[in-house]
Amino acid sequence: MSVRVRYAPSPTGLQHIGGVRTALFNYFFARSQGGAFILRVEDTDRERYNDQALQDLYDTFEWLGIEWDEGPNKDGGYGPYVQSERFDLYTRYAEQLVESGHGYYCFCSSERLDALREQQKQEKQGQGYDRHCRNLTNDQREEYLRQGIKPVVRFKVPLEGTTVFEDILLGEMKKKNKDIPADPVLLKSDGFPTYHLANVVDDHLMAITHIMRAQEWIPSGPLHILLYEAFGWEPPQYCHLPMVMGKDGQKLSKRHGATSVIEFRRQGYLPEAVINYISLLGWSYDDKREFFTKDELEELFVLEKLNKAPAVFDYKKLEWFNGQYIREKKDEELIELLLPYLQKENIVGTTPTNEEMAKLREMMPLMKERLHFLPDIVPLSRFLFQEIEGYEADELIPKKLDAAKTIEILQADRELMAKFELVGEERTEELLRQKAEELEVKLGAMLMPVRVAITGSRTSPPLFGSIRLLGIDKTLERIDRAITLLQSEDS
RNA sequence: GUCUCCUUCGUCUAGUGGUUAGGACACCGGGUUUUCAUCCCGGCAACGGGGGUUCGACUCCCCCAGGAGAUGCCA
């Protein structure tokens, strides 16, 4: 039987890094096995349902380049793939369970349930439903119905015995039935199913062969097995994935930094880097390789290399991966990625001029290795396109020197730079070195004032390259301005 | 409270009875260099604790501790 796996998010929030890792592992597993990857939207919580979340799901998948074999807008004969469109199905199966004696109607109000929970907490007792409606008589049931109370359907968890299932990663998972949360709700009073019912029904109907989900689902594993048994269905194979944690060892959340994929996208991460990095959370290939393209992972992914322990998300390492992938980009491609950030800051126009594009192309080799994130391009390149913001006169002055000496340096620089285009970079450097010796300063001190004068900052791309890009006229102009600034400060 | 899972450098991990316990990120030093970055070289740093099993345990078993997760008409 060929592999069929699914990713089944609920559109209640933005796609989270942890969820996406689960999606990726399912996707890679399907691909590596020549199986099918199915996307199923679990929108049974109408309270928290959110249209944007659904759009975000699609956007995220598109950005990462993950395509589902079956799912919304792509029927594979097992649809629909959106649970709200399967509404009737769940009612039918819930009723089936009631009829076969595996489920029952419960009329307890949420007030009663809340009070119950509160009391249990006070008395430090184990929590859970007290099975109040489990053995209602027909009369009682009809009385409740007459009062117009909408019942829920609960699952009749066996009071005794043990439920066992095999987890591919974790091995045998065993749980006493008495430790399974008492009689969970299967069908809510609004007629929608809960996760437990919907997921079992759909996984069965969609012929899912393997369930790969985060370890936070382990506790409900036995319940699902019981459900399969109650229906007389064969359960799929399980594989519970290690969780993704924040720096403090807690479940990854907002306070650890970006957690939704769209945030990473906005902050200028590349999808290649994100995919590569998160694939290495809880999974590894061997001890010498950690760079993988999506295509490679589709081929190399194996369950055997999965790790059991939770993994801490390390932003620093992702940053490093991102820098690596940026450097691997072809110039043209990188420019396209950079453009939106440049445009947002009005560094280049909405439709860049040929001149701007030419400058962009020319500056790429200088910028590329300095980028960790796409938006890093902004502070790095601004001086080439716009007049520089004011800088302090002090910044012009190299360490251990004074304003007078700096003026002297700048004047010498100006003279030599003026011939820059004529004599070329190498010759200019030679001349500058000679001059530096004459003035008894280091080459660095000779150049720092110019750097600040033309870029407005002590850190910048290589100086000669910057001058070439800026043009000699602007360069001289900015040097002059720096000299004037120092003179006025000095007097 | 109850149940469950997990445990190798700070972090991600390799390792499947005999290794100087390997790599990567981070960090620290050094080199290249006109600043920054890149790049190169080097360094720091781990088998949670206690019992077994064994000639021999990071590797197998048990206990403890610690961490995490679940305990909803959320998924």
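Letters go in sequence order (proteins before strands), and every chain restarts at 1.
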NA contact type, [X], heavy-atom cut-off 4.0 Å: base, sugar-phosphate, or nothing?
X: A/Lys175; value: sugar-phosphate
X: A/Lys316; value: sugar-phosphate
X: A/Gly221; value: nothing
X: A/Asn307; value: sugar-phosphate
X: A/Lys121; value: nothing
X: A/Lys178; value: nothing
X: A/Met446; value: nothing

Nearest listed nucleotide, side chain of [X], among [options]:
X: A/Gln215; options: B/G69, B/C12, B/C5; value: B/C5
X: A/Lys317; options: B/C5, B/C12, B/A68; value: B/C12
X: A/Lys308; options: B/C3, B/U7, B/C12; value: B/U7

For the [atom1] atoms, the ones on [N] and on [M], what distance do you get once it is rounded to whole angstrom?
N: B/U16; M: B/C47; atom1: C1'; result: 14 Å
N: B/G10; M: B/C44; atom1: C1'; result: 11 Å
N: B/U59; M: B/G1; atom1: C1'; result: 36 Å
N: B/C61; M: B/C74; atom1: C1'; result: 40 Å
N: B/U32; M: B/U13; atom1: P; result: 38 Å
N: B/C60; M: B/G67; atom1: C1'; result: 24 Å

Nearest whole angstrom, please: distance from the [atom2] of [N] to the [atom1] of [X].
X: A/Glu290; N: B/U13; atom1: CD; atom2: C1'; answer: 9 Å
X: A/Leu280; N: B/U11; atom1: CG; atom2: P; answer: 17 Å
X: A/Arg289; N: B/U13; atom1: CZ; atom2: P; answer: 18 Å
X: A/Phe291; N: B/C12; atom1: CZ; atom2: C1'; answer: 13 Å
X: A/Asp286; N: B/A24; atom1: CG; atom2: P; answer: 13 Å
X: A/Met243; N: B/U4; atom1: CE; atom2: C1'; answer: 12 Å
X: A/Asp167; N: B/U4; atom1: CG; atom2: C1'; answer: 12 Å
X: A/Gln250; N: B/A70; atom1: CD; atom2: P; answer: 11 Å

Paired nucleotide for [N] [Watson-Crick or G-U wobble; both distances under 3.5 Å]:
N: B/C47; answer: none
N: B/U20; answer: none
N: B/A57; answer: none
N: B/G42; answer: B/C28
N: B/U4; answer: B/A68
N: B/A75; answer: none

**Request:** Over 60° means perpendicular and under 30° means parallel, so classify the ring planes of A/Trp68 and A/Phe61, tilted if in between.
**Result:** perpendicular
**Prompt:** Is a side-chain donor-acceptor pair under 3.5 Å present for A/Thr455 with A/Ser457?
**Reply:** no
**Asked** Side-chain donor-acceptor pair under 3.5 Å between A/Ser84 and A/Asp43, yes or no?
**Response** yes
Within the side chain of [X], is there an N or O that forms a donor-acceptor pair under 3.5 Å with the backbone of [Y]?
X: A/Asp56; Y: A/Gln15; value: yes
X: A/Asn307; Y: A/Trp283; value: no
X: A/Thr194; Y: A/Val185; value: yes
X: A/Asp376; Y: A/His372; value: yes

**Prompt:** Can you list the steps and then say if A/Trp320 with A/Tyr315 is a ring pair (Phe, Tyr, Trp, His ring centres under 6.0 Å)?
**Reply:** CA-CA 9 Å; A/Trp320 175 77; A/Tyr315 290 88; over 10 Å; no
**Request:** Mark yes or no: A/Arg40 above the aromatic ring of A/Tyr7, with NZ or CZ under 6.0 Å from the six-membered ring centre and no more than 45 degrees from the axis.
**Result:** no
**Asked** Once each nucleotide of nucleotides 33-41 of chain B is scored for protein heavy atoms under 4.0 Å, what B/S/- sequence comes out, 5' to 3'?
**Response** -BBBBSS--
**Request:** Quick one: do A/Asp183 and A/Tyr104 satisfy side-chain hydrogen bond (donor to acceptor under 3.5 Å, both in side chains)? Show the steps, please.
**Result:** CA-CA 9 Å; A/Asp183 302 0; A/Tyr104 61 92; 2.6 Å; yes
**Request:** State, to 0.1 Å, how close A/Lys308 and A/Leu169 come at their nearest heavy-atom pair, and which atoms those are.
**Result:** CE-O, 3.6 Å
Identify all pairs in which a protein N or O lies below 3.5 Å from an N or O of nucleotides 71-75 of chain B, and state each distance.
| unit_1 | atom_1 | unit_2 | atom_2 | d |
| --- | --- | --- | --- | --- |
| B/C73 | O2 | A/Ser189 | N | 2.8 |
| B/C73 | O2 | A/Ser189 | OG | 2.8 |
| B/C73 | N3 | A/Ser189 | OG | 3.1 |
| B/C73 | N4 | A/Cys108 | O | 3.1 |
| B/C74 | OP2 | A/Lys188 | NZ | 2.9 |
| B/C74 | O2' | A/Asp45 | OD2 | 2.9 |
| B/C74 | O2' | A/Arg48 | NH2 | 2.9 |
| B/C74 | O2 | A/Arg48 | NH2 | 3.2 |
| B/A75 | OP1 | A/Thr44 | OG1 | 2.9 |
| B/A75 | OP1 | A/Lys188 | NZ | 2.9 |
| B/A75 | OP2 | A/Tyr195 | N | 3.1 |
| B/A75 | O3' | A/Glu42 | OE1 | 2.8 |

**Message:** Looking at A/Arg289 and A/Glu296, is there a salt bridge between them, counting it only when a charged N and a carboxylate O are closer than 4.0 Å?
**Reply:** yes
